[in-house]
Amino acid sequence: MFPYTPSYPGFTVQRGGNMPVVRRKVTLLCMTLNIFFCLLMAISWSLRSDKSSSQKIRIPSTRFWRKLVPSKSFWNREQQYLDIIHNTNVNFVFSVSNPVTVLPDWLNDTGPTETCEPDYRVPIQISDYNSLPQRLRDFLLHMRCRTYPLLINQPYLCREKPFLLLVVKSMVPHFDRRQAIRETWGRAGMVANQTVATVFLLGNTIPLDHHPDLQRMLLHEETLHKDLLQWDYRDSFFNLTVKEVLFLEWFNQNCTQAKFVLKGDDDVFVNTLRIIEFLGNLSDSRARELFIGDVISNAGPHRNHKLKYFIPESFFEGKYPPYAGGGGYLYSGELASQLYSASQQVALFPIDDVYTGMCLKKLGVVPVKHPGFRTFGIEKKHRDNPCVYRSLMLVHSLTPQEMLSVWPWIIHPELDCQ
Ligand SMILES: *[C@@H]1O[C@H](CO)[C@@H](O)[C@H](O)[C@H]1NC(C)=O
Ligand SMILES: *[C@@H]1O[C@H](CO)[C@@H](O)[C@H](O)[C@H]1NC(C)=O
Ligand SMILES: *[C@@H]1O[C@H](CO)[C@@H](O)[C@H](O)[C@H]1NC(C)=O
Ligand SMILES: *[C@@H]1O[C@H](CO)[C@@H](O)[C@H](O)[C@H]1NC(C)=O
Ligand SMILES: *[C@@H]1O[C@H](CO)[C@@H](O)[C@H](O)[C@H]1NC(C)=O
């Protein structure tokens, strides 16, 4: 290309002396305009830099962080307190060396110091306390208690480093459900070449709930199977979160060797073989942060006081985080340990599934929906079809008798389900 440059029109050199008069005038005008524009630009530039430099050194006359306003709802206020003392509320600036001194006045004396006596400081902070359902009032009085005596322990349950720990939420009177689980999907030992351990979580029966005294029968069951964990607290629907937190604590102390955890109710049916196959297929990184189940997103509290899950505005405001609905979910042992520390920073909430979702949110973990979890059951027309159960991971709900009739469908290899 270069050899041709001289003949290229753009490169033709014109010497000033040879310019015609009209052209010279035009050139002059252009130069003037150029200077004018240069000046304009210089002025606007200096104006701009003036503005930005003044912005840099400006000191706000008011506080630039958002003032922490107490929530109108009790749970949210308890959580605000926990966020402050655990320094996780980014909107609130305080001295790390002595956080207590900067607690806002409205939190002083009302903070959730742990107590396991009925806490009568709570009712006076909830305007409609006296009109709340009894179970909610019971919950509120003990909301700040997370430690109950362990009556039956299994400190060596995880000595064999289980690949899968099956954790079943049960209740003392449900002897037949536990036995059906042991004989079917919850059989401990080697399953599909992996070590499986099973444990049942129990609270206590109390005279107030008119339970007959079953404790000695329970102790007998314990000597037979060595798979019970029992704590001394009232086993009720709104205390299931207590069960969850106590389990996480136990796991952290006695079972961190477990690679995966499946947590389920004692009326779910679990296809243990499929779960072990699924877990064996996972990559290491996916395995570590695993949390799957029948995940519900965009849910919020029920405000109808006739419903079992009723949560009043005076107690909780806001949406629920994504959570795995009742029945059961599958997650990694590593995550179980992290959930324990997260739970220390989340105020107890009466619905245990939602509570676990709140702890996951604290960890920045999003639970993943898996179609194999059927917590709302399966269609009636498919219920007697053995092959349907083969492809599922967890179904809610089955009676002990149904478990015993379905389990052979899972384990008999001769059944052709292609
Ligand atoms: C809380 O308030 C009481 C009086 O109401 C006061 O004596 C105490 O020092 C306050 N505590 C903190 C940590 O500010
Ligand atoms: C189980 O493990 C044994 C020995 O490690 C191996 O030979 C066998 O193929 C395994 N079976 C399955 C179903 O993976
Ligand atoms: C939870 O357990 C405690 C300790 O037994 C009991 O006092 C409280 O009433 C229970 N809460 C509910 C909601 O049943
Ligand atoms: C189980 O936990 C208890 C309480 O922390 C601890 O004392 C005990 O050593 C643990 N046992 C095992 C086998 O890890
Ligand atoms: C596990 O991987 C095998 C082979 O890729 C596949 O056939 C099977 O469906 C997978 N199992 C599960 C439960 O995902």
Side-chain angles (χ1 to χ4, degrees), residues 114-120 122-123 129 132-162 164-165 171-172 192 194 197 199 201-211 226 229-258 260 262 270-283 286-287 290 292 308-311 315 330 333 337 340 348-352 355 368 370-373 389-394 410 417-418:
E114 168 148 357
T115 171
C116 288
E117 295 301 309
D119 193 341
Y120 295 108
V122 175
Y129 179 84
L132 296 178
Q134 185 61 46
R135 60 180 183 281
L136 204 53
R137 284 187 274 163
D138 290 342
F139 171 84
L140 286 165
L141 282 184
H142 296 88
M143 184 181 162
R144 289 162 173 176
C145 180
R146 310 172 171 244
T147 44
Y148 291 100
L150 188 55
L151 300 175
I152 302 178
N153 191 10
Q154 306 298 335
Y156 301 108
L157 189 90
C158 296
R159 206 168 21 184
E160 309 284 336
K161 295 191 174 49
L164 177 61
L165 176 70
M171 290 181 80
V172 174
Q194 300 285 7
V199 72
L201 309 181
L202 306 167
N204 214 346
T205 53
I206 63 164
L208 182 70
D209 293 325
H210 311 293
H211 279 293
K226 303 234 164 292
L229 285 174
Q230 190 192 22
W231 289 270
D232 190 11
Y233 70 90
R234 177 189 184 193
D235 215 348
S236 63
F237 177 65
F238 272 3
N239 261 346
L240 283 174
T241 300
V242 168
K243 187 172 278 185
E244 168 75 3
V245 170
L246 291 169
F247 162 69
L248 288 172
E249 183 187 25
W250 175 84
F251 183 90
N252 219 39
Q253 289 172 348
N254 285 159
C255 195
T256 46
Q257 306 94 312
F260 297 101
L262 181 125
V270 176
N271 186 340
T272 321
L273 300 187
R274 182 141 185 101
I275 288 201
I276 289 175
E277 183 193 335
F278 169 84
L279 293 173
N281 275 0
L282 290 181
S283 69
R286 277 202 61 207
L290 179 77
I292 59 170
K308 184 181 177 193
Y309 293 98
F310 165 64
I311 297 291
F315 178 70
L330 179 64
S337 304
Y340 174 64
L348 296 188
F349 190 81
I351 303 170
D352 63 332
Y355 181 76
V368 176
H370 191 287
F373 286 75
Y389 293 89
R390 282 266 175 105
S391 60
L392 294 179
M393 293 209 189
L394 182 144
I410 302 286
C417 285
Q418 291 319 306

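Count residues from 1 along the sequence. Every value quoted in this text rests on a predicted model; they were computed, and no experiment measured them. Start at 1 and go down the list; that is how both ligands and their atoms are numbered.
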Any protein heavy atom < 4.0 Å from atom 14 (O) of ligand 4: yes
Looking at every heavy atom in both F315 and F139, which two are closest together, and how far apart are they? CZ-CE2, 3.8 Å
Which of the atoms in ligand 5, numbered in the order shown and given with their element, are less than 4.0 Å from a heavy-atom of E277? 1 (C), 8 (C), 9 (O), 10 (C), 11 (N), 12 (C), 13 (C)
Looking only at protein heavy atoms, identify the closest one to atom 9 (O) of ligand 4 and say how far it is in Å. N254 ND2, 4.7 Å
Give me the residue, atom name and distance of the protein heavy atom closest to atom 1 (C) of ligand 5. N281 ND2, 1.4 Å
Should you measure from each heavy atom of F278, which atoms of ligand 5 turn up under 4.0 Å away? 13 (C)
Show me which atoms of ligand 3 lie under 4.0 Å from any heavy atom of F238. 13 (C)
Within 4.0 Å of some non-hydrogen atom of N239, the atoms of ligand 3 are 1 (C), 2 (O), 3 (C), 8 (C), 10 (C), 11 (N), 12 (C), 14 (O)
Over 60° means perpendicular and under 30° means parallel, so classify the ring planes of Y233 and Y148, tilted if in between. tilted
Hey, is atom 11 (N) of ligand 5 touched by any protein heavy atom at less than 4.0 Å? yes
Residue S236 vicinity, atoms of ligand 3 by number, heavy atom under 4.0 Å: 12 (C), 13 (C), 14 (O)
Measure H142 to ligand 3 on non-hydrogen atoms and call it side chain, backbone, both or neither using the 4.0 Å cut-off. side chain
dist L290:CG -> L279:CG (nearest 0.5 Å) comes out at 6.5 Å
protein heavy-atom neighbour closest to atom 4 (C) of ligand 4 works out as Q253 OE1, 3.6 Å
Identify the heavy atoms of W250 and C158 that sit nearest to each other, and give their distance. CH2-SG, 4.4 Å
Near Y156, which atoms of ligand 4 are under 4.0 Å from a heavy atom of that residue? 13 (C)
Taking atom types as modelled, is there a side-chain donor on E277 or N281 under 3.5 Å from an acceptor on the other? no
Counting only non-hydrogen atoms of the protein, does one fall under 4.0 Å from atom 7 (O) of ligand 4? no
Heavy-atom pair with the smallest gap, counting every atom of F373 and M393: CE1-SD, 3.7 Å
I need the atoms of ligand 3 closer than 4.0 Å to a non-hydrogen atom of R135, numbered in the order shown. 13 (C)
Using 4.0 Å as the upper bound for N to carboxylate O, is an ion pair formed by D209 and R234? yes
So is R234 polar-close to ligand 3, meaning N/O to N/O under 3.5 Å? yes
Part of Y148 within contact of ligand 3 (heavy atoms, under 4.0 Å): side chain
